[in-house]
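What you are looking at is a predicted structure, and each value in this text was computed from that prediction instead of being measured. In each ligand, atom 1 is the first atom listed, and ligand 1 is the first ligand listed.
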Amino acid sequence: MAAWMTEEEIAAFQRDGAVCLRGVFKDWVETMTAGIERNLRERGPYAADNLLSDEPGRFFDDYCNWERIPEFRKVIFESPAAEIAATAMQSQKAQFFHDHVLVKEPGTQRPTPWHQDIPYYFTEGQQTVSFWIPVDPVKEATLRMIAGSHRWEKMVLPVRWKDNSDFFATADQYLPVPDPDNDPSMQVLEWAMEPGDAVLFNFATVHGARGNPTAARRRALSLRWVGDDVRYVERPGRTSPPYPGHNMQPGDVLREDWFPVVREG
Ligand SMILES: O=C(O)CCC(=O)C(=O)O
């Protein structure tokens with residue numbers, strides 16, 4: 001089962017909540033790039049530009065478009081992604097949750113705030129993984145993760161990216177947003193990356209990114225997967241992504257007609 005990851009890489013992912021795999025999607029960069037460009041041209045209902053009108057650059061994101069973007073479908077169903085996801089999660093099954101495109105154009109000052117994905121999602125469980133796959137070389141604007149934060153007992157306050165406002169009305173139930181660059185007790189993991197490399201991280205791993213002050217584009221595709229122990233959970237408001245009309249109840253396995261099981265157990 002470990003063909004795409006060494007035992008050390010699996011152990012690092014389990015221990016730190018993040019690991020960088022080199023070159024695993026090198027044969028898929030062209031397809032992913034075409035999908036991202038299609039997504040930029042053909043925005044979905046959730047597409048967002050996350051900068052205020054007087055800020056330089058552009059920070060675009062959009063998600064849940066795999067059903068209408070053939071390049072994304074190809075990557076999800078034909079690339080080694082599902083096999084790698086199952087290996088990293090130590091799960092029999094790899095069930096696809098959603099795709100997420102994140103583009104920081106040259107000169108974008110705005111950092112991506114430190115956050116976990118789990119409080120925004122209607123999922124609970126340990127067996128989760130997101131792949132962050134840049135299709136441009138990245139260094140300064142790479143993804144950054146707090147090692148071991150996927151084991152923190154409380155969740156970090158979720159905020160809206162555009163204006164930093166609270167995402168739910170229950171702000172007092174969360175940890176404050178951390179500042180690992182000024183907290184010596186926290187270790188930040190980050191890697192300079194080439195197209196085809198992927199950072200794998202748990203839905204509970206705290207992550208963020210600097211702006212993109214360079215002259216080069218920073219386009220990335222995130223693919224998000226859940227494993228055997230993941231169940232639907234209610235959050236104190238509309239989740240992100242929201243999936244209106246999903247009809248699931250707390251404790252349900254995610255419905256397979258909306259969230260395809262790409263690798264069976
Ligand atoms: O690309 C970024 O700036 C942030 C990515 C991210 O938060 C994610 O993929 O979950």
key: Heavy-atom nearest neighbour in the protein, as seen from atom 3 (O) of ligand 1, with distance rounded to 0.1 Å   = Thr112 OG1, 2.6 Å

query = Which ligand 1 atoms does Leu102 reach within 4.0 Å, using its non-hydrogen atoms?
reply = 1 (O), 2 (C), 4 (C), 5 (C), 9 (O)

inquiry  = As an exercise, identify every atom of ligand 1 less than 4.0 angstrom from a heavy atom of Ala209.
reply    = 3 (O)

ask   = Counting each atom of ligand 1 from 1 as listed, which ones have a heavy atom of Ser222 under 4.0 Å away?
value = 8 (C), 9 (O)

query = Which heavy atom of the protein is the closest neighbour of atom 8 (C) of ligand 1, given with residue, atom name and distance?
reply = Arg224 NH2, 3.3 Å

Test item, Trp161 contacting ligand 1 (heavy atom, 4.0 angstrom) = yes

inquiry  = Which residue and atom name correspond to the protein heavy atom nearest atom 1 (O) of ligand 1, and how close is it?
reply    = Arg218 NH2, 2.7 Å

request  = Number the atoms of ligand 1 from 1 as they appear, then name those within less than 4.0 Å of a heavy atom of His115, with their elements.
outcome  = 7 (O)

ask   = Would you call Arg144 and Asp181 a salt bridge, taking side-chain N to carboxylate O under 4.0 Å as the test?
value = yes

message = As a quick check of understanding, evaluate side chain to side chain donor-acceptor pair (under 3.5 Å) for Tyr63 and Ser222, giving each step before the final call.
response = CA-CA 9 Å; Tyr63 52 27; Ser222 280; over 6 Å; no

ask   = Do the side chain of Arg73 and the main chain of Glu67 share a donor and acceptor less than 3.5 angstrom apart?
value = yes

message = I'd like to check which ligand 1 atoms, numbered from 1 as shown, lie under 4.0 Å from a non-hydrogen atom of Asp117.
response = 10 (O)

ask   = Which of the atoms in ligand 1, numbered in the order shown and given with their element, are less than 4.0 Å from a heavy-atom of Phe201?
value = 8 (C), 9 (O), 10 (O)

request  = Sort out for me which residue in Trp258, Phe122, Phe259 forms a ring pair (Phe, Tyr, Trp, His ring centres under 6.0 Å) with Tyr232.
outcome  = Phe122

query = Could a heavy atom of His207 be found less than 4.0 Å from some atom of ligand 1?
reply = yes

ask   = Are more than 12 heavy atoms from other residues, nucleotides or ligands located less than 6.0 Å from atom CD of Gln14?
value = yes

key: Per-atom contacts, ligand 1 versus Leu143 - under 4.0 Å to a heavy atom   = 4 (C), 5 (C)

